[in-house]
Amino acid sequence: MNAGVCIFRVTTGNRANKVMKREVVLKLSPADAADADLVRKLAVRRAGKNIHGECEVQIVRRSIDARKDSPKIVISAEVYCGGGKPERPPSETEQLRRADPAKRVLIVGAGPAGYFAALELLRHGITPVVLDRGKDVRARRRDLRAIQQSGRVNPHSNYCFGEGGAGTYSDGKLYTNSRKRGDIQRVLRILVEHGAQEDILIDAHPHIGSNKLPKVVENIRRSIEDHGGSVHFNTLVEDILIDDGRACGVAVSDCGEKPSPQADEQLKADAVVLAAGHSARDIFAMLQRRGITVEAKPFGIGLRIEHPQALIDEIQYKQRPRSRHLPAASYKLVTHVDGRGVFSFCMCPGGLIVPAATAPGEIVVNGMSMSRRDSAFANSGIVVALELEDFKQHARHGALAGMRFQREVEQRMFAAGDGTQRAPGQSLTDFLQRRQSNSLPESSYIPGLFSAPVHELLPSMLTARLGTALKHFGRKLRGFNTEEAVLVGVESRTSSPVRIPRSNETREHVNVKHLFPCGEGAGYAGGIVSAALDGVNVARSLAATVFGCLKAE
């Protein structure tokens, strides 16, 4: 059932009926839940015997309950009768104002944090100027093909860098636990207004898909430009300009395919939002070099595991093949081993493993799914949550110790290969036995896998904890630990290895006024929606602190 038609009208009789709204919950078979007419009739029936006249049914939430043998679709709905109508929130785009060129903010990064900060600034009439080292979302595809097919890594345009950020071509998941950070539904409405399917407004685990999200991102850029903002690609930020303790601009260079030295310049503004993403290692190093406080923070490293999707469907739904009315099954796993959390990360049902390196000489993998999630494979990161004490051997690098550790593991994976983006792989059963695989299961990873002793390429503390955790997961999900599963290295870009500290009150950097660290790269978000929420919150604080605007809710 499509959420785009989730408001239904049902006529139940001619008797007068007072205005009322009733909330109902339906637990239906997947086939029944796919029948829109049946859903609305059952909702009205569940609302009560005294419902007469014309009613409207609005679906507000949809989820899957697969805990028992027969999976059910759980639908929450609101039934309006007697002339009652569901409230329609105002258009988010219509609340944008024309930008005042006298009020100018530079935003470093065109990911969700940067773009949503730009939209929020436009609500206050402030001009956002977005700078991104990568290419626009369409041109970026050529570099993704190059890394997939020939192993060429463009350090400025790849799966992590470019318009839309790391999430655009790595699945487009919209689920978040960040409910205290702001209005999640507002973020989803903005995405829908820019072309996302309306299902994301009601699904418990909303997902756009890497084939659909680029168009949404492109439309957001057009909204920014239509209201007087601007977006500049192939623009690498080399330095933060500071005058009397305040950020007043940035120094940039052209990092396009044919860079022009004449394009190097200094851009001035009233404030700078730093939303560069979790892989902006050069930005982190520049801040440390300039004496702008950066802190090391915990993050996760592990491997990406891939199974046949049909196997995960059978484990979760107890069906093989699964019902055509059910989506590809997913899972969420977590345990603790020797004082560290080990958990599934960015699980991609019906997905692909992709190469996510941001520099030559490293192997990094991530997962993605298209909107239909119709690949024959299911993949997920299985990662260990590392703490600061795990980076002691890199302590000489200060706040960048975790980043150095991260890079070292990635380079070790690359050095084990043939100089391309072929990734080291090991069957799950062989990893548990700590022996190199004679052959590898089929994989979705386009550059290809080579058999390697992945258990030796990882630091021993990771191998030991992953092995124990995987045995636990195999007991929790019977059939999970199989020779059909392959482990691929390395899953290392789970979150930023640093935090750029900021004031809790103004969200300014702790020792540079008018510099606003933002999003996942600054250590304040994890995923598309939480990054977008942080962008909104930072923009509100900036508008109040720098320009004296009230924080619009």
Requested in this report: Using modelled atom types only, decide if a donor and an acceptor are shared between the side chain of Q316 and the backbone of S330 within a distance under 3.5 Å.
Outcome: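 Yes; at least one donor-acceptor contact below 3.5 Å.
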Requested in this report: Could you tell me whether a side-chain N or O of R502 sits under 3.5 Å from a main-chain N or O of P517, the two making a donor and an acceptor?
Outcome: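 Yes; judged by distance alone, with no hydrogens or angles, the pair exists.
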Side-chain donor-acceptor pair present, [X], [Y], cut-off under 3.5 Å:
| X | Y | answer |
| --- | --- | --- |
| S492 | Q406 | no |
| S427 | E483 | no |
| T420 | R422 | no |
| Y524 | R507 | no |
| E238 | S253 | yes |

**Report entry** Listed once per pair and sorted, the ring pair (Phe, Tyr, Trp, His ring centres under 6.0 Å) pairs that draw on residues 405-459, sequence neighbours left out
**Finding:**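 Counting only pairs at least two positions apart or across chains, the ring pair (Phe, Tyr, Trp, His ring centres under 6.0 Å) contacts touching residues 405-459 are F391-F405.
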Query raised in the report: What residue pairs, at least two apart or across chains, pass ring pair (Phe, Tyr, Trp, His ring centres under 6.0 Å) with a residue in residues 321-362?
Result: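 Ring pair (Phe, Tyr, Trp, His ring centres under 6.0 Å) check on residues 321-362 returns Y331-F480.
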Query raised in the report: Which residues satisfy the salt bridge (Lys or Arg N to Asp or Glu O under 4.0 Å) test with D69, sequence neighbours excluded?
Result: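 For D69 there are no salt bridge (Lys or Arg N to Asp or Glu O under 4.0 Å) partners, ignoring immediate neighbours.
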Requested in this report: For D239, check salt bridge (Lys or Arg N to Asp or Glu O under 4.0 Å) against everything at least two apart and list the hits.
Outcome: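 Counting only residues at least two positions away or on another chain, D239 forms a salt bridge (Lys or Arg N to Asp or Glu O under 4.0 Å) with R290.
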Query - R435 atom CZ, neighbour heavy-atom count above 12 within 6.0 Å - result: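 Yes, the 6.0 Å shell around CZ holds more than 12 heavy atoms from other groups.
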Query raised in the report: Would R412 and E408 pass as an ion pair if we require N to O under 4.0 Å?
Result: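 Yes, charged N to carboxylate O under 4.0 Å.
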Residue pair [X] / [Y], side-chain heavy-atom distance below 4.5 Å:
| X | Y | value |
| --- | --- | --- |
| L201 | V192 | yes |
| H278 | F299 | no |
| Q426 | V488 | no |

Requested in this report: Can you run down the side chain to side chain donor-acceptor pair (under 3.5 Å) pairs that involve residues 341-357, sequence neighbours left out, and say none if there aren't any?
Outcome: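 Listed by first then second residue: nothing to list.
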Query raised in the report: With a distance cut-off below 6.0 Å to the six-membered ring centre and an angular limit of 45° from the axis, does R133 pair with F161 as a cation-pi contact?
Result: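 Yes; both conditions hold, so R133 lies above the ring face of F161.
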Show every donor-acceptor pair shorter than 3.5 Å between a side-chain atom in residues 346-371 and any protein atom, with sequence neighbours excluded, or say none if there are none.
residue	atom	partner	partner atom	Å
T358	OG1	E362	OE2	3.2
T358	OG1	R493	NH1	3.2
T358	OG1	R493	NH2	3.2
E362	OE1	R281	NH1	3.4
E362	OE2	T358	N	2.8
E362	OE2	A359	N	3.1
E362	OE2	R493	NH2	2.9
S369	OG	D171	OD1	2.9
S369	OG	P349	O	3.1
S371	OG	N211	OD1	3.4
S371	OG	N211	ND2	3.2

**Report entry** side-chain contact (heavy atoms from CB on, under 4.5 Å) partner of K297, the single match among P497, P501, S495
**Finding:**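 That would be S495.
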Requested in this report: Show your working on side chain to side chain contact (heavy atoms under 4.5 Å, CB included) between V454 and D430 and close with a plain yes or no.
Outcome: CA-CA 10 Å; V454 176; D430 286 336; over 6 Å; no
